Amino acid sequence: MSYTREDILRIAKEENVRFIRLQFTDLLGTIKNVEIPVSQLEKALDNKMMFDGSSIEGYVRIEESDMYLYPDLDTWVVFPWVTSDRVARLICDIYKPDGVPFAGDPRGILKRVLKEAEELGYTSMNVGPEPEFFLFKTDEKGEPTTELNDQGGYFDLAPMDLGENCRREIVLKLEEMGFEIEASHHEVAPGQHEIDFKYADAIKAADQIQTFKLVVKTIARQHGLHATFMPKPLFGVNGSGMHCNQSLFKENENVFYDETDELGLSQTARHYMAGILKHARAMAAITNPTVNSYKRLVPGYEAPCYVAWSASNRSPMIRIPASRGLSTRVEVRNPDPAANPYLALAVMLRAGLDGIKRQLPLPAPIDRNIYVMSEEERIEEGIPSLPADLKEALSELIRSEVISDALGDHALAYFYELKEIEWDMYRTQVHQWERDQYLTLY
């Protein structure tokens with residue numbers, strides 16, 4: 001919905017809203033907020049609320065810490081799970097004191113890349129995300145465990161799917177907050193779930209992903225469960241992905257569709273896919289940003305580990321869903337829900353635009369199951385692998401002019417530094433597997 005300042009002030013009074021969360025996202029994709037009493041709402045709507053940016057991951061140094069929150073009025077929503085002392089939310093863009101957008105704001109980075117697309121004539125990027133998550137039991141202290149609350153599988157229902165009631169309540173709360181839910185179901189792994197919501201323009205889609213995570217975690221907690229978007233919380237079962245269906249529009253025309261083409265794909269769509277494939281390895285540090293992300297990207301668990309595309313085969317990184325016309329889209333399957341959605345969409349769009357601008361040729365589709373191909377066969381077919389770990393992904397990122405430029409100097413430097421620290425902490429840690437494997441052997 002679209003809201004005016006007057007709408008928000010009226011609704012806040014009618015709904016007896018007592019507090020407002022001014023929400024934003026740090027560089028690593030974590031939701032942050034400044035909560036204000038409703039008496040400060042007009043000040044917030046005047047873009048006069050300030051916060052200390054030096055305390056936020058990837059923002060600024062302590063000597064330049066003042067930041068301003070500019071609320072996006074269209075993101076106004078009253079949280080439906082709070083009945084007394086009601087709480088509302090506004091998602092904000094981050095500005096510097098001189099009125100210039102902050103270069104390290106992930107939402108601002110996505111807006112900047114969307115502006116580039118607009119200059120090329122593309123008025124919108126539509127995105128349909130599919131974030132998956134696990135539900136685990138909590139202990140007597142309310143802390144998360146790794147004990148699953150069900151042993152269900154793909155499309156199972158109660159009594160196998162014991163997360164059904166929790167998932168239904170999540171759907172109801174999302175609908176109350178304006179989401180158009182298309183489907184919800186148990187996923188392949190025990191304790192794993194997916195809720196699909198309707199596509200939206202890129203900024204709204206990224207906002208919805210962040211809101212979705214907040215709602216899922218909140219409602220799960222009320223059911224005595226812990227929801228996690230960790231890509232691979234359990235060994236030996238499928239991990240959680242966040243497939244991103246995407247298309248470009250010129251006003252009301254989907255430029256990815258060509259009815260005269262054998263597959264219904266335009267040359268623009270083919271160049272866009274070629275750009276995604278060209279920069280896939282460099283994007284991986286953003287679309288798959290944690291050490292744990294690369295435990296998911298291994299053969300045998302339906303996650304794509306190879307840089308290829310197909311019109312139907314689900315083993316490559318890019319798949320073309322069957323719908324055509326306005327619904328023609330490219331499904332990029334390697335991102336996971338630990339990704340910062342603003343940065344992930346920004347780098348995918350920038351990669352696609354590079355393919356369009358340079359008219360990159362699209363490789364032949366791979367319609368065989370890549371998982372059963374030998375390394376020699378993959379080399380012969382020209383199918384590269386995604387990075388094997390975060391360190392390799394970071395090396396690819398820093399070498400890519402296109403993806404580095406999409407992030408900008410500030411975000412790139414801070415993101416790279418934070419992830420280098422993460423990798424070093426992981427690399428130097430002694431893990432339980434090592435003790436199990438070596439303690440008595442040597």
Side-chain angles (χ1 to χ4, degrees), residues 106-130 180 182 196-209 242-280 282-283 286-287 307-311 316-335 339 341-363 365 400 402-403 405-407:
R107 200 170 189 262
I109 290 169
L110 176 54
K111 284 187 172 183
R112 179 164 51 80
V113 181
L114 285 165
K115 184 69 175 174
E116 293 178 34
E118 190 177 345
E119 289 169 358
L120 293 172
Y122 305 113
T123 53
S124 64
M125 174 199 194
N126 279 352
V127 179
E130 300 174 7
E180 186 174 334
E182 296 184 334
D196 298 326
F197 44 94
K198 189 177 181 180
Y199 68 87
D201 66 84
I203 290 290
K204 184 176 180 181
D207 288 344
Q208 286 184 325
I209 291 168
M242 186 174 70
H243 303 166
C244 290
N245 296 271
Q246 47 203 275
S247 56
L248 293 179
F249 274 68
K250 287 185 176 180
E251 300 302 339
N252 296 320
E253 176 196 357
N254 184 344
V255 299
F256 280 7
Y257 177 56
D258 181 354
E259 63 180 3
T260 65
D261 180 76
E262 180 184 4
L263 293 176
L265 295 175
S266 67
Q267 284 302 311
T268 301
R270 292 173 182 273
H271 293 320
Y272 186 93
M273 282 194 288
I276 295 279
L277 295 173
K278 172 76 173 175
H279 299 292
M283 292 191 299
I286 305 299
T287 57
V307 182
W309 76 281
S310 173
M317 193 185 105
I318 294 179
R319 184 179 77 91
I320 309 301
S323 301
R324 290 296 180 266
L326 288 176
S327 298
T328 305
R329 60 196 187 272
V330 170
E331 180 187 48
V332 183
R333 298 169 57 80
N334 67 299
Y342 303 102
L343 298 185
L345 295 182
V347 297
M348 284 189 282
L349 175 57
R350 184 60 178 276
L353 292 178
D354 184 60
I356 292 171
K357 287 188 288 187
R358 294 167 56 196
Q359 296 191 341
L360 295 177
L362 182 65
S400 170
V402 168
I403 304 305
D405 187 59
L407 297 173

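This is a predicted model, so every value here is computed, not measured. Only heavy atoms go into these numbers, but all of them, side chains included; no hydrogens, no water, no symmetry mates.
Under the 4.5 Å side-chain criterion, counting only non-hydrogen atoms from C-beta, L114 is in contact with M125. Under the 4.5 Å side-chain criterion, counting only non-hydrogen atoms from C-beta, D405 is in contact with R350. Using a 4.5 Å heavy-atom threshold, the side chains of K250 and Y122 count as touching. A heavy-atom distance below 4.5 Å is not found between the side chains of Y272 and L362. The shortest side-chain heavy-atom distance between M273 and L265 falls under the 4.5 Å cut-off. Counting heavy atoms from C-beta outward, D207 and R107 have side chains that approach closer than 4.5 Å. Side-chain atoms of N126 and F249, non-hydrogen and from C-beta on, do get closer than 4.5 Å to each other. The side-chain heavy atoms of S327 and Y257, taken from C-beta on, include no pair separated by under 4.5 Å.
The backbone N or O of E251 sits less than 3.5 Å from a side-chain atom of T123, completing a donor-acceptor pair. In this structure a side-chain-to-backbone donor-acceptor pair under 3.5 Å is present from R324 to L263. A donor-acceptor contact shorter than 3.5 Å is absent between the side chain of H243 and the backbone of V332. Checked by atom type and distance alone, the side chain of N254 pairs as donor or acceptor with a backbone atom of L326 at under 3.5 Å. Side chain of R112 to main chain of A406: a donor-acceptor pair is present (N/O by atom type, distance under 3.5 Å, no hydrogens or angles). At distances below 3.5 Å, not a single donor-acceptor pair connects side-chain atoms of W309 with backbone N or O atoms of I320. In terms of modelled atom types and a separation under 3.5 Å, the side chain of S247 and the main chain of F256 share no donor-acceptor contact.
A distance of 8.0 Å separates OG of S266 from CD1 of I356, quoted to the nearest 0.5 Å. M242 contributes atom CE, which lies 10.5 Å from atom CD of E130 (distance to the nearest 0.5 angstrom). From C244, atom SG reaches atom CD1 of I209 across 5.5 Å, with rounding to the nearest 0.5 Å. Annotation: the span from L353 atom CG to K357 atom NZ amounts to 6.5 Å, rounded to 0.5 Å.
Taking a cutoff of 4.0 Å between a charged side-chain nitrogen and a carboxylate oxygen, E182 and K198 do not qualify as a salt bridge.
Closest heavy-atom contact between A344 and I286: N-CG2, 3.7 Å. What you find for G275 and L360 is that their closest heavy atoms are CA-CD1, 4.0 Å. For the residue pair L110 and A202, the shortest heavy atom distance occurs at CD2-O, 3.9 Å. Shortest non-hydrogen contact noted between M317 and I276 is CE-CG2, 3.6 Å. Contact detail for P316 and R333: the closest heavy-atom pair is O-CD, 3.8 Å. Contact record, A282 with I403: CB-CG1, 3.9 Å, taken as the closest heavy-atom pair.
Counting heavy atoms of neighbouring residues, nucleotides and ligands inside a 6.0 Å radius, atom NZ of K204 does not exceed 12 of them. Surrounding CD of E262 are at most 12 heavy atoms belonging to other residues, nucleotides or ligands under 6.0 Å away.
The closest side-chain donor-acceptor pair between N334 and T287 falls under 3.5 angstrom.
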L248 vs L349, side-chain contact (heavy atoms from CB on, under 4.5 Å): CA-CA, chis, key distance, verdict: CA-CA 9 Å; L248 293 179; L349 175 57; 3.9 Å; yes
